[in-house]
Amino acid sequence: MLELNQVSASYHLAPVVQAVSMRVETGETVALIGPNGAGKSTLLGALSGTVPRRQGQAWFDGVDLMTLPSHQIVALGVVQVPEGRHVFAPMSVQDNLLLGSVALAQRQRALQQRYDAVYGLFPRLAERRHQLAGTLSGGEQQMVAIGRALMSRPKLLLLDEPFLGLAPKVVEEIRQALNTLRGEGLTMILVEQKLDIALPFTSRTHVMIKGQLALVQNSAELMRDPDLGQLYFRLAQPAVWSSP
Ligand SMILES: Nc1ncnc2c1ncn2[C@@H]1O[C@H](COP(=O)(O)OP(=O)(O)OP(=O)(O)O)[C@@H](O)[C@H]1O
Ligand SMILES: [Mg+2]
């Protein structure tokens, strides 16, 4: 479904993401993990067209995302839920959701059906549909951010740390919603700092260090690694050669 070939991305001249190649199959949920500043958000931004300098190819159902502006990428079904939620505070929950549908042609929107899908997934939002998004709790705002992405009928959801700063109960609620979406066949790339959330939730894990992919491994296998706590440290070290 998605095949990245030597994708690089940056904001200015200094490279941030460097020559990343990876594949995501239809229906798969993969993790993208790595330390702060590794370039995880930048890679998602390269795919969604929000990072200014992009190179390489990212084939999505036969179309190269790297050549398209962000609104066309959304219309193709690749939608990012950005880090830090970013709801439109002075607008109601429902109007925030409505904004998620604007990239679709009028006839494709089927608005009521989309609202029903989002409210079915997050009943809390249904109760608060007329409430201003800025007055919601952090967890509810994250639900709005995910709901807004779902309004455009995504085929591939790019989730940037959706659990960041949330209480365990809300983390669980959102995890279950994502689980439901996965069960419906939605393909997802999950950027996540916490390995204990990312690994059990995904089939494969991509570890990014300093802008490059340092490891791609089956998530279940990686979970059994006895030295998992040292993963980033280990991958960041140059290879150590023993003397003969
Ligand atoms: N808008 C921007 N303009 C310039 N540089 C940026 C911008 N956003 C990120 N960077 C730089 O790009 C590098 C990678 O940042 P990025 O946000 O992609 O990392 P990340 O892996 O998502 O980190 P975190 O885990 O902290 O979210 C960092 O050095 C950062 O300072
Ligand atoms: Mg980030």
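Below, each value reflects all heavy atoms present in this structure, side chains not excepted, and no hydrogens, waters or symmetry copies. Each ligand, and each atom within it, is numbered from 1 in the order the structure gives.
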Note: ligand 1 atoms sitting under 4.0 Å from heavy atoms of Asn36 are 23 (O), 24 (P), 25 (O), 26 (O)
For Glu83, the atoms of ligand 1 under 4.0 Å from one of its heavy atoms are 27 (O)
If we number the atoms of ligand 1 from 1 as shown, the ones under 4.0 Å from a heavy atom of Thr42 are 14 (C), 15 (O), 16 (P), 18 (O)
message = So, 2.8 Å as the limit: is an N/O/S atom of Ser41 located closer than that to the Mg ion (ligand 2)?
response = yes
Checking heavy atoms under 4.0 Å, the part of Val16 that sits near ligand 1 is side chain
Can you find a heavy atom in the side chain of Arg153 that is under 4.5 Å from one in the side chain of Arg114?
yes
- Message: Tell me whether Gly39 has any N or O atom under 3.5 angstrom from an N or O of ligand 1.
- Response: yes
The atom name of the N, O or S atom in Glu83 nearest to the Mg ion (ligand 2) is OE1
The option among Gln193, Lys40, Lys210 carrying the non-hydrogen atom nearest to atom 20 (P) of ligand 1 is Lys40
- Is it true that the side chains of Thr29 and Thr202 contain a donor and an acceptor less than 3.5 Å apart? no
**Item:** Non-hydrogen atom of Glu161 closer than 4.0 Å to ligand 1
**Value:** yes
Near Ser41 (heavy-atom distance under 4.0 Å), the atoms of ligand 1 are 17 (O), 18 (O), 20 (P), 22 (O), 27 (O)
| query | Looking at ligand 1, does Gly34 have a heavy atom less than 4.0 Å from it? | reply | no
